Amino acid sequence: MERMPLEWIQEIPPVTRAWTAAITVVSILEQCKIVNELDLLYSYRQVFVGHEYWRLLTSFVYFGPFSINLIMYAYFVARYSRMLEESFYLNRASQYMWLIAVIATSIVVLASFLPLGALPFLGPYLANALVYIWARRNPQEQLSLMGLFAFSAPYLPWVLMLFSAVVKSSSIKGELLGVFVGHMVFFLEDIYPSISGGVRVLRPPWEYFMHAQEPPTPNQEDHQQPQVVE
């Protein structure tokens with residue numbers, strides 16, 4: 001018996017489910033002219049001078065008008081964010097929300113140095129960063145692009161970037177920004193601890209408080225990544 005859509009939605013981890021739902025709802029509201037696209041986009045002047053702080057949130061859940069690009073990015077969020085959350089942050093929604101917050105903050109900071117209006121939609125670049133992290137954490141995964149050719153997961157961000165450039169015939173500076181942020185977060189979270197004696201630069205702040213309350217335990221590992229089930 002085929003699963004009902006509601007059952008499939010309920011199987012999606014909470015953070016990915018909430019983000020995907022927000023993308024869908026905001027797109028419908030904009031399509032129905034209930035909200036104005038210009039009130040959703042990121043603008044340094046509007047946010048930090050005009051005090052329109054809601055744009056820091058809406059710019060990550062609005063992926064542009066309803067189009068093939070919106071469907072493609074919504075699919076990326078539902079697929080790769082779900083796999084990342086299920087594989088590494090299952091039952092740890094707060095940890096995954098912290099990862100997304102770090103990436104989103106980095107994107108906002110970098111986008112603020114670009115010309116006005118250069119990157120009005122920030123959600124796709126957050127998705128690019130998450131895809132990059134998932135791809136780097138699953139180097140043995142084999143993928144294919146519409147069945148045309150196969151490649152290993154670490155090449156996925158670059159394949160998607162090339163595909164986007166061909167389909168949209170536009171600059172890929174936004175995609176490069178997402179990959180750059182994803183690489184920095186991956187390095188600090190997955191590589192740097194192994195070469196610095198376990199120091200986690202991106203450790204959630206509440207873990208410092210929780211760790212301070214715990215009695216010292218000999219040979220206790222500071223951080224251990226969950227195993228990926230092949």
Side-chain angles (χ1 to χ4, degrees), residues 3 5-32 34-35 37 39-42 47 52-111 119-138 153 156-157 160-161 164 174-175 177-186 189 202 204 206 226:
R3 293 177 300 174
L6 182 59
E7 295 178 355
W8 179 82
I9 293 174
Q10 290 175 339
E11 291 179 356
I12 302 176
V15 178
T16 300
R17 182 169 64 240
W19 189 18
T20 306
I23 293 172
T24 304
V25 170
V26 171
S27 177
I28 292 174
L29 292 176
E30 194 280 332
Q31 192 73 20
C32 296
I34 298 175
V35 297
E37 177 186 81
D39 294 328
L40 304 173
L41 310 184
Y42 174 73
V47 172
E52 298 178 0
Y53 298 113
W54 69 82
R55 294 175 182 269
L56 293 173
L57 176 62
T58 58
S59 60
F60 284 102
V61 298
Y62 180 62
F63 281 52
F66 188 83
S67 64
I68 186 62
N69 287 331
L70 173 65
I71 296 175
M72 181 177 67
Y73 276 117
Y75 170 78
F76 289 155
V77 170
R79 176 176 173 81
Y80 293 105
S81 176
R82 173 179 180 172
M83 291 193 295
L84 185 63
E85 186 174 358
E86 287 180 337
S87 298
F88 297 92
Y89 302 95
L90 188 62
N91 299 322
R92 298 194 303 153
S94 60
Q95 298 274 351
Y96 192 48
M97 291 177 65
W98 173 252
L99 177 74
I100 290 178
V102 169
I103 295 173
T105 301
S106 302
I107 291 175
V108 167
V109 171
L110 293 176
L119 297 178
F121 312 129
L122 303 183
Y125 315 129
L126 173 57
N128 289 339
L130 294 175
V131 167
Y132 181 90
I133 293 172
W134 176 87
R136 291 297 304 270
R137 289 181 176 178
N138 295 272
L156 177 61
L160 294 178
M161 191 181 305
S164 177
E175 284 80 359
L177 184 146
V179 168
F180 172 75
V181 172
H183 176 73
M184 294 304 298
V185 171
F186 172 77
E189 184 69 5
L202 301 181
W206 60 83

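Keep in mind the model is a prediction, meaning the values are calculated, not measured.
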J.: Just by distance, do the side chain of S27 and the backbone of I23 share a donor-acceptor pair under 3.5 Å?
T.: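 Flag not set: sc S27 to bb I23 has no pair under 3.5 Å.
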J.: State the CG-CG distance between L57 and L122, to the nearest 0.5 angstrom.
T.: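 If we round to the nearest 0.5 Å, L57:CG and L122:CG are 11.0 Å apart.
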J.: Could you tell me which non-hydrogen atom of P157 sits nearest to which non-hydrogen atom of V179, and how far apart they are?
T.: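 Nearest heavy atoms, P157 then V179: CB-CG2, 4.1 Å.
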J.: Which heavy-atom pair separates Y132 from G182 by the least distance, and what is that distance?
T.: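 Scanning both residues, the minimum pair turns out to be CD2-C, 3.5 Å.
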J.: Would you check if P124 and F63 make a side-chain contact, meaning some heavy-atom pair closer than 4.5 Å?
T.: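 Yes, at least one pair of side-chain atoms sits under 4.5 Å.
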J.: What distance do F60 atom CZ and F121 atom CZ have between them, rounded to the nearest 0.5 Å?
T.: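 Between F60 CZ and F121 CZ, I get 13.5 Å after rounding to 0.5 Å.
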J.: Once rounded to the nearest 0.5 Å, what's the spacing between atom CD1 of I103 and atom CG of L130?
T.: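 Output value for this atom pair is 4.5 Å.
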J.: Where is the tightest heavy-atom contact between S81 and T16, given as atom of each residue plus distance?
T.: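 Nearest heavy atoms, S81 then T16: OG-OG1, 2.8 Å.
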J.: Output yes when R82 and E85 qualify as a salt bridge under the 4.0 Å nitrogen-oxygen rule, no when they do not.
T.: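 E85 and R82: not salt-bridged.
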J.: Yes or no on side chain to side chain contact (heavy atoms under 4.5 Å, CB included) for R17 and E11, after CA distance, side-chain angles and deciding distance?
T.: CA-CA 9 Å; R17 182 169 64 240; E11 291 179 356; over 6 Å; no
J.: Hey, what do you get for OG (S94) to CG (L99), rounding to the nearest 0.5 Å?
T.: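 Here the rounded value is 11.5 Å.
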J.: Run the side chain to side chain contact (heavy atoms under 4.5 Å, CB included) check on L56 and V47 step by step: do they pass?
T.: CA-CA 7 Å; L56 293 173; V47 172; 3.9 Å; yes
J.: Taking side chain as C-beta onward, heavy atoms only, is S106 less than 4.5 Å from M184?
T.: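 No. Closest side-chain heavy atoms not under 4.5 Å.
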J.: Between V181 and Y125, does a side chain to side chain contact (heavy atoms under 4.5 Å, CB included) hold up when you go through it step by step?
T.: CA-CA 9 Å; V181 172; Y125 315 129; over 6 Å; no
J.: Who passes ring pair (Phe, Tyr, Trp, His ring centres under 6.0 Å) against Y96, sequence neighbours left out?
T.: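 If we apply the ring pair (Phe, Tyr, Trp, His ring centres under 6.0 Å) test to Y96, skipping adjacent residues, the hits are Y89.
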J.: With side-chain hydrogen bond (donor to acceptor under 3.5 Å, both in side chains) as the rule and sequence neighbours excluded, what pairs involving residues 56-65 come up?
T.: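 For residues 56-65, and leaving out neighbouring residues, the side-chain hydrogen bond (donor to acceptor under 3.5 Å, both in side chains) pairs sorted by first residue read E37-Y62.
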J.: Write down the atom of L126, the atom of A104, and the distance for their closest heavy-atom approach.
T.: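 Minimum heavy-atom separation between L126 and A104: CD1-N, 4.4 Å.
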J.: Taking CE in M161 as the centre, count heavy atoms belonging to other residues, nucleotides or ligands within less than 6.0 Å. Is the count above 12?
T.: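 Correct, the count exceeds 12.
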J.: Treating W54 as the side-chain partner and D39 as the backbone partner, does any N or O pair qualify as donor plus acceptor under 3.5 Å?
T.: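 Yes: the side chain of W54 pairs with the backbone of D39.
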J.: Determine, for F186 and R137, whether the Lys NZ or Arg CZ falls below 6.0 Å from the six-membered ring centre while staying within 45 degrees of the axis.
T.: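 No; the conditions do not both hold, so R137 does not lie above the ring face of F186.
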J.: Of all the heavy-atom pairs spanning L41 and R55, show the shortest one and how long it is.
T.: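 That closest heavy-atom pairing would be O-NH1, 2.9 Å.
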J.: Could you give me the CA-CA distance, side-chain angles and deciding distance for V35 and L40, then say whether side chain to side chain contact (heavy atoms under 4.5 Å, CB included) is met?
T.: CA-CA 8 Å; V35 297; L40 304 173; 4.1 Å; yes
J.: Test of understanding: with ring pair (Phe, Tyr, Trp, His ring centres under 6.0 Å), list the residues that count as partners of W19, not counting sequence neighbours.
T.: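 In terms of ring pair (Phe, Tyr, Trp, His ring centres under 6.0 Å), with neighbours along the sequence ignored, W19 is linked to no residue.
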J.: First locate atom CG of L84, then atom CD1 of I100, and finally report the distance between them rounded to the nearest 0.5 Å.
T.: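 One finds 8.5 Å between CG of L84 and CD1 of I100.
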J.: Can you tell me how far OG1 of T105 sits from CG of L110, rounded to the nearest 0.5 angstrom?
T.: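 Output value for this atom pair is 11.0 Å.
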J.: Over all heavy atoms of both residues, which pair between W98 and L202 is shortest? Give the atoms and the distance, please.
T.: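 Scanning both residues completely, I find the closest heavy atoms to be NE1-O, 2.8 Å.
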